[in-house]
Amino acid sequence: MNEGSWDYKPFWDEVINQFNEEYSPKEINMWFERMQYHGSTESSVVVAVPSSFVQDQIEQRYARAIEDRLLEISGSPLKLDFHVQRSPSPARETRSPAAVSAGGNKSEVSDRSGSPQGERSELKITQPTRRPHPSLNQRYTFDNFVIGDNNNFAANAAMAISKNPGTAYNPCLVYGGVGLGKTHLIQSIGNTVYHDLDNAKIIFVSAEEFTNEFVVALREKKTPQFKNKYRYADVLLIDDIHFLQKKEGVQEELFHTFNALYEANKQMVFTCDRPVSDLRDLTDRLRNRFERGLNVDLKPPSYETRMAILQKKLLQMDREIPESVLDLICNNVTTNVRDLEKALTKILAYAELVGKEITEEIAKQQLKDVFVNHHQTNINIDFIQRIVADYFNLTTNEMKSRKRTNAIAFPRQIAMYIARQITELSTTEVGLEFGGRDHTTVMYACEKIKNKMKSDSTIEPMISRLIRDIRESNAKG
Ligand code: ADP
Ligand code: MG
């Protein structure tokens, strides 16, 4: 029973729980037990009461305290509204047409100023479809997800979870490189549960949003609201948890959230760009929580899966392009579904603009950037470290070490600079890959190399050569 996406029952239950401890048994018996949760609107909790008298009394005595507590628990200002429900409740059929039309469009929830008497007011709490979940993208569904050898374990686990949240695999962690469908899968779970279970409270956030929210809550002294928001989730989906590295405060918070939800058998799903064991700067106890349950990976799609993905997208858009062009795309964009989509979109846009059939030649010309970028974005930082280290006759361990002699510091700075040039890693991520250095160190290294390039004309050709070697060795795998 729910209208739209509003369901504050868990907050209401918690208020009653807390009040049961705080108020006398007499008051509980006399007033609190006469209120039943009835429904929610966007900004209110509606309780059913047996008479207007009870409503008036509760309003005068407790409404304030209840609303204050709701605010504390939910983090948002929720009004307490009443619905007078006589028992045994008269059948709906007894409503006269006049009474119905008198209700008109006015909300049928009685407000504080007076309650519609004699008429059984109906709260519109069931609607045929839930409005879209505010933080889920409707496009991400299992129907739209092409299953291949690379992802079938993860996809099947995700589908099983969405059928039985909290019981099948809990927690579940999906990991894999950029553009392989992590966000698509985790949101598909959210969308499915959201549509199948009317009452389920689903929270989807990126680890970055979770962190920012936590920081704001700390600053504004609203951590109880923050905690409550997350601890009342039925399904908690957190995308890209690698973002939590080095952020101890928020790791600690998530650890407690995890435990609370785990105890309550609430479903949790996380995604990460690498296996949890490869995460650095993560507390052991949180790592241990992530490794509980099921860890599944997404691998790059095979040629057949890439082709199937493109064909599915064409079918959905009711468009066609020649087989040879599809083949060209599949051969050049090999490890990343996002780039595969980008290539297709670009070709389709071009075809539409010039109104011509796309040939292989045109496609090659049009997709030059996509192909090049694609090769760039998937360069593994290990290759960079290895090739730069070889060039300077060092070991990769020396590059990552704390040593600061010029013989090591300079090659390290070169490698950091190159990593920033040809990968999408942030300065923070690059720093982590070099023995857990701070992002400012990486920024400093890049500045230093740029300046050196200006004053020393041998540097630039050396870097170009290194980049070429890195690309080649990366392409060979
Ligand atoms: P990630 O979160 O792993 O970086 P995304 O989930 O954002 O990747 O996926 C990138 C794009 O590729 C999205 O548009 C997504 O819909 C699409 N995609 C990924 N995997 C598949 C798949 N197996 N079938 C269809 N589309 C996919
Ligand atoms: Mg993602």
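Atoms within each ligand, like the ligands themselves, are counted from 1 in listed order.
Where the criterion is an N or O separation shorter than 3.5 Å, residue side chain and backbone included, Gly181 meets it with respect to ligand 1. Checking only distances, Arg338 does come within under 3.5 Å of ligand 1, N or O to N or O. For ligand 1, the polar-atom distance check finds no N/O of Ile309 at less than 3.5 Å from any of the ligand's N/O atoms. Considering backbone and side-chain N/O of Gly179, one or more are found under 3.5 Å from N/O of ligand 1.
Under 2.8 Å from the Mg ion (ligand 2) lies an N/O/S atom of Thr183, whether from backbone or side chain.
A salt bridge links Lys79 with Asp81: the closest approach of a Lys/Arg side-chain nitrogen to an acidic carboxylate oxygen falls below 4.0 angstrom. Using a 4.0 Å cut-off between charged nitrogen and carboxylate oxygen, Asp469 and Arg465 count as a salt-bridge pair. Ion pairing between a basic and an acidic side chain is recognised when a charged N comes within 4.0 Å of a carboxylate O; Arg319 and Glu352 show such pairing.
Atoms CG and CD1, on Asp273 and Ile241 in that order, are 9.0 Å from each other to the nearest 0.5 Å. From Lys229, atom NZ reaches atom NZ of Lys201 across 7.0 Å, with rounding to the nearest 0.5 Å. To the nearest 0.5 Å, atom CD1 of residue Ile329 and atom CZ of residue Arg306 are 11.5 Å apart.
Remark: the Gln413 side chain and the Tyr444 side chain contain no N/O donor-acceptor pair separated by less than 3.5 Å.
Taking atom 21 (C) of ligand 1 as the reference point, the nearest protein heavy-atom neighbour is Phe145 CE1, 3.6 Å. Nearest protein heavy-atom neighbour of atom 11 (C) of ligand 1: Glu341 OE1, 3.4 Å. The protein heavy atom nearest to atom 25 (C) of ligand 1 is Asn144 O, 3.3 Å. Atom 15 (C) of ligand 1 has as its closest protein heavy atom His184 ND1, 3.4 Å. The protein atom (non-hydrogen) at minimum distance from atom 26 (N) of ligand 1 is Lys313 NZ, 3.4 Å. The protein heavy atom nearest to atom 24 (N) of ligand 1 is Val146 N, 2.8 Å.
Applying the 4.0 Å criterion to heavy atoms of Val337 picks out, from ligand 1, the atoms 12 (O), 17 (C), 18 (N), 19 (C), 20 (N), 21 (C), 27 (C). For ligand 1, the atoms lying closer than 4.0 Å to a non-hydrogen atom of Val178 are 4 (O).
Atom 1 (P) of ligand 1 has its nearest heavy-atom neighbour, among Arg139, Lys182, Gln316, in Lys182.
Within 6.0 Å of the CG atom in Asn393, the count of heavy atoms belonging to other residues, nucleotides or ligands does not exceed 12. Within a 6.0 Å radius of NZ in Lys452, more than 12 heavy atoms belonging to other residues, nucleotides or ligands are found.
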### Task
For side chain to side chain contact (heavy atoms under 4.5 Å, CB included), just list the numbers for Gln385 and Asp382, CA-CA rounded to whole Å, side-chain angles, deciding distance to a tenth of an Å, and then say yes or no.
CA-CA 5 Å; Gln385 291 172 333; Asp382 292 335; 3.8 Å; yes
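Cation-pi contact between Arg285 and Phe255: present, with separation from the ring centre below 6.0 Å and deviation from the ring axis of at most 45°. Geometric assessment of Lys9 against the ring of Phe11 yields a negative cation-pi assignment under the 6.0 Å and 45° thresholds.
By the 4.0 Å heavy-atom criterion, Gln187 is excluded from the residues contacting ligand 1. Under a 4.0 Å heavy-atom criterion, Lys312 is not in contact with ligand 1. Residue-ligand proximity: Gly177 is placed with a non-hydrogen atom under 4.0 Å from ligand 1. Using a non-hydrogen distance threshold of 4.0 Å, Gly176 does not register as a contact of ligand 1.
Proximity of Asn151 to ligand 1, defined as any heavy-atom pair under 4.0 Å, is confined to the side chain (atoms from C-beta onward).
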